[in-house]
Structures are given as structure tokens and as C-alpha cells.
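Accompanying notes for the structure given below.
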Amino acid sequence: MSDAPAVHAQGIVKRFGPTVALDDVRLTVKPGESHALVGRNGAGKSTLVSVITGLHKPDAGTVTFSGEPAPAFGDTMAWQSKVACVYQKSMAVPDLTVAENLFLNNFGTGRGAPGGRWISWSGLRTRAAALLAEYGVNVDPNTRAKDLSVEQVQFVEIARALSFGARLIILDEPTAQLDARGIQSLFSKLRDLQSQGVAFLFISHHLQEVYELCTAVTVYRDARHVLTAPVAELGKADLVAAMTGEAAAAKVAWHAASGAGPATAAGAAEPVLRTEGLAVEGEFEPLDIEVHPGEVLGIAGAAASGNTALGETLVGMRKATAGRVSVRGRDVRPGSVPHALNAGIGYIPEDRHRQGLVLERSVAENATLTVADQLGPWGTVLPSRTREFASSMIASLDIKTTGPDQKVSGLSGGNQQKVVVARALARNPSTLVAVRPTAGVDIKSKDSLLGVVRRVADEGNAAVIISDELDDLRVCDRVVALFHGRVVAEYDSGWTDGELVAAMEGVGERA
């Protein structure tokens, strides 16, 4: 095994316009090593991955693989022979077989009828079986990718990468969709491949997994390199402190998984929103939650924590497998968005483009989607009423637009998000559920949007913010932390970044 690093990146700088995404960062991964790269959102992890996989050309710095300079920018085949990334969302083609996915764009051909060439399917399956056997992947080459388990698809993608000669595999949130058995199966396979000299760069929000799998860890914060250290020599509190920039956090105050935590000032009032034993199998365990008048509750959690699924269940986009949801004592029909709306639940979705907006329609049309039945007699929609209603929302939320008739696609990201908020508020909801409400917006818009959520609660209603962004959660009166579908901690306001991050990443220690 060569002593040269599988990858060595030094002095990497990358800018996107005025934004500095990487500021003189470095990374070294040795052959046969599992090396973790961690940091909060925006730390620069994804940009570094794009640089060392050849997707982006750095503005400064050098990258070498096994002591040799990185391939020329744009030489895709050469980059594939050095490094590959297995993403959280599979890149396999679902309707193709394992063999076809393994050799996609590299099928190999043979002589056929005059003037033509043909693919030897039997030869392809034989090559696939040999490749899978070489790396100990127990999968039938004839199986379609859509019929494989998540970890089997990952094994196939790793085998495909190795077939090109890559000896560095980047794993981006590889356990996000795996259960405990799948995680252990994946880790066992990775250890086997490490013994063959394959190096892994492991990116995960679950720091406990860093301690289970990796021997070294690098931390980025605010686009800069903070530290690189052997995992065995770095305490969990020190790792969290490096990620957040705080002094090592005090021991996390843990509470029972029932969701019962410190009493709030509004605790004496009847809850606006209540869940009892609410659960979605495979996403989150039974939860008992109460949100009182005037309260903003935060649901904190990283990828695969179950927090997004919880939000979608509250608003009727998912059907609970157990338990119930009620608003002001009225049960909400499971899995029914219209019933949730009528019960008084407003929703700000995570992805405004896919779930929140019709981009080629006007501001007025988007803002009034949930109240179309109120804009004219006998089911009609009067344009004058639509514009009047939208104009009041534009003024109330300070939406920067040329007017109600402007297409939403022409607005800035922050103003698009305000239109989504306008739609959520149109029915004067008793409970507002917001999933990562400030994603992709500027600082000024963030403050404005969070102020709107706070105002909903201050008017005697309830609000729930579901996010892993610490700034989103600072506006909350209480924060409940989820990890792998379980409530692991609860805090009143005044929590520190370190203790909340520790809870979300699964590395806190029970008191």
C-alpha cells in the first residue's frame, strides 16, 4: 500500500461571486482510512467535495491523489478513476438491473449483424458477478435497482466506483435512510474495503457514527479549516465546540422521551396543538407534544431525525401509523391536508419551489391558493378580490414586488418565501407549522420571516418551527431535539449552541 495520501487538498479557495465558500482549507485522507468531514450547514463541506470530485475548479490551491496531481478540469473519465461520491439520494437508475447500472456507459460491444454492433448481455452479467464477488457484494446482477434495499444500492454504487479504479470514496450522509441493521451492515462492508486499501471520506450529521467508524476527523466552520485530529483523542464535547465555535458545552440536560419538559409560562392554558402517541413507522416513535397559546415550539433534528416527517404528519401530508393530532380540542383527520387546513393548521414547507409555489403564476394567485373559496360567490374567484386580498398581504409582509400580478418567478428568494408565508397565513391559522422557514434567504429576510412566526404566537396562537438551523430555533420558547425518531432532549430558551448541536448529532450524555 502506497504511503502517499489517497487525497491531499491544500490551500483550497473557492468563491461564488462575493461569497467565499472555502477559505484556504485543507484535507488529507490516508489509504485505508475512514476520515470524517464535519461541520454545521454552510461550513463548506459540500463545496470541498465538489472540488475534489472535479465538479468545481478551485480559485486557488492544489489537489493530489496518491501523490499525483488531480486530472485536468473537465476530464470526467480521469476523475472517475481517482474518486467517486455516493450521495444520500441514490444515483442508480431504478429500472435498470444491477449489471446495467454497474457498467452504464461502459457496456462493451461485440460484432453482430453486418454494419451493426451488439451488447453481450451474458458477458455483461458475468463481468458484473465477478466485480461484485471481488468486493464481497452479495447482490444478484439481474435484480433491478428499484428492488434492492438502500444499503444494497450503496454497495452497488461503491463497487461501480471501484471498477473505474477509484481508491477514494466519499460517502455523503450514507446512513440517512438506513435502519440500525442497515447501518451496521454498511459499516462492516466499509471496514472490509478499508483493509483492501480503499479510503473513505465520511460526511454525516450523526457524530456518534464518526466515533463508531472513523479514525480521523476534520472540522470546517464558516468556510475555514478548524482542526484535524485522531477521533480517539478528541472528546465529543470538544468536537461539538469546534463545530460551533463555543467553549466545550456543559452536559446536556436530558428529559424523558414522553416529550414532557419544563413548564412554560403558558402551561396553565389549554394547548392549541396537541399530539398523543403520534408516530409514523420508520420515521419517528410515539410523541406527546403540547403547544400552548403564545408559544413557539422548536423541533430540532438533523438528517434522518424524523423532524421533517413529523411536520408533514401534522399538516396532513403524511398519514400517521399511530396516535392523533388535535387543534383546540378538535381532532385532525389523519393524512388529510384539506382537513388540517380547516382545523386551523397553516404550513410553510421546506422546499418552496416544489411544495410552496406555482412559479409561473402571480403573487396574488399564489398567496390566495388556500382561500380561493372565499374570493367570490358560488365557488367563483373574482380577480378584484384576489388582488385586494393579495395587496393586503404584500403590505403586511413587506413583499418587494411590482404588484399582485407579478409572476412569483421574478421575485428574490426571500420575497418568494414571504409569498409562501402569506399563503400559510391567509386562513388565520390557530397553529403555524414551519419547516426550515429561512432556508436560502438573506439575513434581513430571515429576521422578517422569523418575526412573522413569532407574531402568530404572540396573537394567542401556536407555532412550530422544525429545523436544524440554530438561528431558526433561537426564536422558540422551547426546543425539543429528535435523534433517529426519538425525543432525546428538551430545553427552555437559553440553550447553548453546543448542547443543542450535541443533542441533534446524538453525542450528548444522559445526566
Side-chain angles (χ1 to χ4, degrees), residues 35-45 173-176 180 183 202-222 224 226-262 284-285 287 297-308 310 436 465-511:
H35 192 117
L37 177 61
V38 302
R40 301 295 296 150
N41 290 343
K45 305 187 300 295
E173 298 290 351
T175 65
I183 291 172
F202 184 76
I203 300 174
S204 177
H205 279 296
H206 296 152
L207 298 188
Q208 183 57 44
E209 294 171 359
V210 171
Y211 285 87
E212 291 178 17
L213 178 69
C214 299
T215 54
V217 58
T218 290
V219 179
Y220 286 179
R221 186 177 72 244
D222 298 332
R224 295 183 177 183
V226 176
L227 65 81
T228 295
V231 170
E233 298 177 11
L234 188 64
K236 294 175 182 177
D238 293 322
L239 178 55
V240 171
M243 292 170 61
T244 62
E246 287 189 339
K251 190 175 287 186
V252 176
W254 297 83
H255 300 274
S258 64
F284 58 89
E285 298 178 5
L287 295 174
L297 175 68
I299 307 291
S305 67
N307 64 346
T308 300
L310 171 60
R436 296 179 179 85
I465 294 178
I466 295 171
S467 185
D468 58 353
E469 290 288 347
L470 300 183
D471 286 343
D472 289 352
L473 300 167
R474 293 189 210 285
V475 74
C476 301
D477 301 295
R478 281 188 300 136
V479 176
V480 172
L482 297 187
F483 180 73
H484 283 321
R486 296 182 296 108
V487 174
V488 292
E490 183 172 332
Y491 309 96
D492 287 329
S493 58
W495 44 266
T496 67
D497 291 5
E499 64 185 357
L500 185 55
V501 169
M504 287 193 290
E505 308 283 4
V507 295
E509 298 180 7
R510 292 184 182 273

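We number each residue from 1, following the sequence as shown. Reckoned from all heavy atoms, side chains included, excluding hydrogens, waters and symmetry mates.
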For side-chain contact (heavy atoms from CB on, under 4.5 Å), just list the numbers for Val501 and Thr496, CA-CA rounded to whole Å, side-chain angles, deciding distance to a tenth of an Å, and then say yes or no. CA-CA 9 Å; Val501 169; Thr496 67; over 6 Å; no
Minimum heavy-atom separation for [X] to [Y], with atom names?
| X | Y | value |
| --- | --- | --- |
| Thr308 | Arg436 | OG1-NH1, 2.9 Å |
| Ser493 | Cys476 | CB-O, 4.0 Å |
| Val210 | Ala36 | CG1-CB, 3.7 Å |
| Ala300 | Met504 | CB-SD, 3.6 Å |
| Phe202 | Glu209 | CZ-OE1, 3.8 Å |
| Phe483 | Ala503 | CB-O, 4.1 Å |

Across all chains, not counting sequence neighbours, the side chain to side chain contact (heavy atoms under 4.5 Å, CB included) partners of Val226 are Val219, Arg221, Ala242
Contacts of type side chain to side chain contact (heavy atoms under 4.5 Å, CB included), residue Thr228, not counting sequence neighbours: His35, Thr218, His225
Taking side-chain hydrogen bond (donor to acceptor under 3.5 Å, both in side chains) as the test, write out the residues that go with [X], two or more places apart.
| X | result |
| --- | --- |
| Asp472 | Thr438, Ser467 |
| Glu469 | Asn41 |
| Thr215 | none |
| Gln208 | Lys236 |

Kindly indicate whether the side chain of Leu239, heavy atoms from C-beta on, has any atom under 4.5 Å from the side chain of Leu207. yes
Taking the side chain as everything from C-beta on, heavy atoms only, tell me whether Tyr491 gets closer than 4.5 Å to Glu499. yes
Lys45 (side chain) donor-acceptor with Gly39 (main chain) under 3.5 angstrom: yes
Does Met243 offer a backbone N or O that forms a donor-acceptor pair with the side chain of Tyr220 under 3.5 Å? no
Result for side chain to side chain contact (heavy atoms under 4.5 Å, CB included) between Ile299 and one of Val487, Leu287, Asp468, Val480 points to Val480
By ring-ring contact (aromatic ring centres under 6.0 Å, His included), Phe284 pairs with (sequence neighbours left out) none
Can you name the salt bridge (Lys or Arg N to Asp or Glu O under 4.0 Å) partners of Arg474, sequence neighbours left out? Asp471, Asp497
